[in-house]
Amino acid sequence: MTEHAFKIVGLPGDGIGPEVYASACRILSVLQETHGLNFELEERLIGGAAVDATGVPLPPETIEACRQADAALLGAVGGPKWDGNPADKRPEKGLLQIRGEFNLFCNLRPIVTHPALHAFSPIRPDRLVGVDLMIVRELTGGSYFGKKWRDANQAEDVCRYTVREIERVTRAAGRIAQARSGRITLVDKANVLETSRLWREVAHRVIREEFPDVTIENMYVDAASMHLLTRPADFDVLLTENLFGDILSDEASMLCGSMGLLPSASLNGERFGLYEPVHGSAPDIAGKGIANPYAMLLSVAMMLRHSLDLPAEAGALELSIQACWSEGLLTRDLRPDGLGTEEVTEAVCARLRRETPALAGA
Ligand code: NAD
Ligand code: IPM
Ligand code: MN
């Protein structure tokens, strides 16, 4: 085992959060075995579980633990139990707070279809060939973080973006595009929204001045939601603001076949990142042992790559996952005769061990 310990804060959360988080823990322990790594995993509270235990959705101890860590791995937060809570005691507030606290402005949501999954998508298989797109969602601005108020007759959520906020996420998208096919689609509503018009001006300037090898085209969000389903393979990097990115990523999950397949990384340009599935706490299936763990396992791979600087290990995990897909090892959200969370997790673990025989059991 290597000397260096990677510090990870585990945030199981609510609903299926702890179930898919348990899958992540299994895979991390197998990676320790097969790849001689040392993960120090510390669990902390967030979301409804934190509200119940401490009265707040993001306790100071959780923030402090993240400050000392290389990365945080989150299951999911939320559920009907807390839906009536005031805004600052809602589980989702804990997630927004951790994003804000660590300035995690750049949210990466890769959408890659795999031939073995084409048959499980509601979209025609011929449209899925070659789909490999990256949603770069701005994560700490817009209506999520603007001033909010409500009285008896009205309510308001202010959508505000500064030039600096647009510049920094555009730079992130530019670097990502350079490492891919070099094409950005900026998704907005510039025919109506002033913030979108600022986005266009600033994003185009940053790309023109700093990324001459990258192209940037515009698309209205309503049209983008349609094109995502009719010609998804045409997209490379899709850059968009907070709320549009939230909506489009759930829609894009259907290209793969299930919400349970999409991972995400929330980054700030430094080492620390927050890694979590795109999906929520899925109260309708919580406690049944049938949650799809792949989104979480792919989030672990993103963590290995982006925060722990372990690209080979990330690649090995992704290959093991894809091998399991090829063998049809899927949960019930994809196929009626599907496996349970633990069976799928163990299949990926077994594959990972088989792929790395030299170190396995060492
Ligand atoms: P959801 O993503 O939890 O569920 C939507 C649908 O997808 C449900 O039918 C669910 O069963 C299914 N699904 C989601 N993940 C799955 C998985 N891994 N395996 C199999 N099926 C899966 O969205 P929702 O129902 O709108 O929200 C439920 C709660 O989760 C709400 O409280 C919401 O605020 C919260 N939420 C949290 C996060 C997060 O923690 N990052 C993200 C989205 C929603
Ligand atoms: C997501 C979720 C969150 C969001 C909620 C739970 C605050 O839907 O990560 O996609 O809207 O960002
Ligand atoms: Mn969402």
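Whatever order the structure lists ligands and atoms in, that order sets their numbers, starting from 1. For this chain, numbers begin at 1 and follow the sequence in order. Atoms considered below: every heavy atom in the structure, side chains included; atoms not considered: hydrogens, waters and symmetry mates.
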Nearest-neighbour protein heavy atom for atom 3 (C) of ligand 2, which is reported as residue plus atom name and distance: Arg99 NH1, 3.9 Å
Ser281 versus Gly79, closest heavy-atom pair with distance: OG-N, 4.1 Å
Protein heavy atom at shortest distance from atom 13 (N) of ligand 1: Ala282 CB, 4.0 Å
Ligand 1 contact by Val278, heavy-atom criterion under 4.0 angstrom: yes
Within-cut-off N or O pair, Gly260 and ligand 1, under 3.5 Å: no
Polar contact flag, side-chain donor to acceptor under 3.5 angstrom, Asn218-His204: yes
Heteroatom proximity flag, Glu276 to ligand 1, N/O under 3.5 Å: yes
Side-chain heavy atoms of Trp82 within contact of Lys89, under 4.5 Å: no
Donor-acceptor pair between Asn107 and Ser266 side chains, under 3.5 angstrom: yes
Any protein heavy atom < 4.0 Å from atom 5 (C) of ligand 1: no
Stepwise side-chain hydrogen bond (donor to acceptor under 3.5 Å, both in side chains) test for Asp157 and Tyr144: CA-CA 8 Å; Asp157 298 282; Tyr144 277 64; over 6 Å; no
Proximal atoms of ligand 1 relative to Leu95 (non-hydrogen, under 4.0 Å): 39 (C), 40 (O), 41 (N)
Under 3.5 Å: N/O of Ala76 near N/O of ligand 1: no
Single-linkage hydrophobic cluster Ile135~Leu274, side-chain heavy atoms < 4.5 angstrom: no
Single hit among Ile166, Val169, Thr185 for side chain to side chain contact (heavy atoms under 4.5 Å, CB included) with Leu239: Val169
Atom 19 (N) of ligand 1 [closest protein heavy-atom partner, distance rounded to 0.1 Å]: Asn292 N, 2.8 Å
Location of contacts on Ile290 toward ligand 1, heavy atoms closer than 4.0 Å: neither
Per-atom contacts, ligand 1 versus Gly78 - under 4.0 Å to a heavy atom: 32 (O)
Closest approach of Thr195 to Cys159 (non-hydrogen atoms, all atoms of both residues): CG2-O, 3.4 Å
Parallel, tilted or perpendicular: ring planes of Tyr275 versus His306, cut at 30 and 60 degrees: parallel
Atom 14 (C) of ligand 1 [closest protein heavy-atom partner, distance rounded to 0.1 Å]: His279 CB, 3.7 Å
Candidate list Glu346, Glu19, Glu342, test salt bridge (Lys or Arg N to Asp or Glu O under 4.0 Å), partner Arg26, passing option: Glu346
Residue selection (non-hydrogen contact nearest atom 28 (C) of ligand 1) among Ser23, Gly17, Pro283: Pro283
Side-chain donor-acceptor pair present, Glu318, Gln322, cut-off under 3.5 Å: no
Atom 21 (N) of ligand 1 - nearest protein heavy atom and its distance: Ile285 CD1, 3.6 Å
Distance from atom 38 (C) of ligand 1 to nearest protein heavy atom, with residue and atom: Gly280 CA, 3.4 Å
Within-cutoff protein neighbour (heavy atom, under 4.0 Å) for atom 2 (O) of ligand 1: yes
Within-shell test, Ala291 vs ligand 1, heavy atom, strictly < 4.0 Å: yes
Close aromatic pair by centroid cut-off 6.0 Å: His4 and Phe6: yes
Distance from atom 2 (C) of ligand 2 to nearest protein heavy atom, with residue and atom: Asp246 OD1, 3.9 Å
Pick from Val77, Ile16, Leu11: the one approaching atom 37 (C) of ligand 1 most closely through a non-hydrogen atom: Val77
Verify atom 8 (C) of ligand 1: protein non-hydrogen atom under 4.0 angstrom away: yes
Close approach of His279 to ligand 2, heavy atoms, under 4.0 angstrom: no
Distance-only polar pair, side chains of Glu355 and Ser320, donor-acceptor under 3.5 Å: no
Over 12 foreign heavy atoms within 6.0 Å of CZ, Arg160: no
Ser281 N/O under 3.5 Å from ligand 1 N/O: yes
Polar contact flag for Gly79 and ligand 1 (N/O pairs, less than 3.5 Å): yes
Ring geometry between Phe102 and Phe272 (parallel below 30°, tilted from 30 to 60°, perpendicular above 60°): tilted
For atom 11 (O) of ligand 1, the protein heavy atom that lies nearest, with its residue and separation: Asp284 OD1, 2.8 Å
Minimum non-hydrogen distance to atom 7 (C) of ligand 2, winning option of Arg109, Glu92, Arg90: Glu92
Nearest protein heavy atom with distance in Å, relative to atom 34 (O) of ligand 1: Glu92 OE2, 2.5 Å
Side-chain H-bond candidate by donor/acceptor type, Asp188 with Ser196, under 3.5 Å: no
Any N/O pair Asn242/ligand 2 closer than 3.5 Å: no
Sub-4.0 Å protein heavy atom next to atom 24 (P) of ligand 1: no
Transitive ILVMFWY side-chain link Ile16 to Val344, under 4.5 Å: no
Contacting atoms of ligand 2, where contact means under 4.0 angstrom from a heavy atom of Arg137: 1 (C), 4 (C), 9 (O), 10 (O), 11 (O), 12 (O)
Ring-face cation contact, Phe105 with Arg168, 6.0 Å cut, 45° max: yes
Test item, Val20 contacting ligand 1 (heavy atom, 4.0 angstrom): no
Residue, atom name and distance, where the atom is the protein heavy atom closest to atom 11 (O) of ligand 2: Tyr144 OH, 2.5 Å
Proximal heteroatom of Asp246 relative to the Mn ion (ligand 3) (N/O/S): OD1
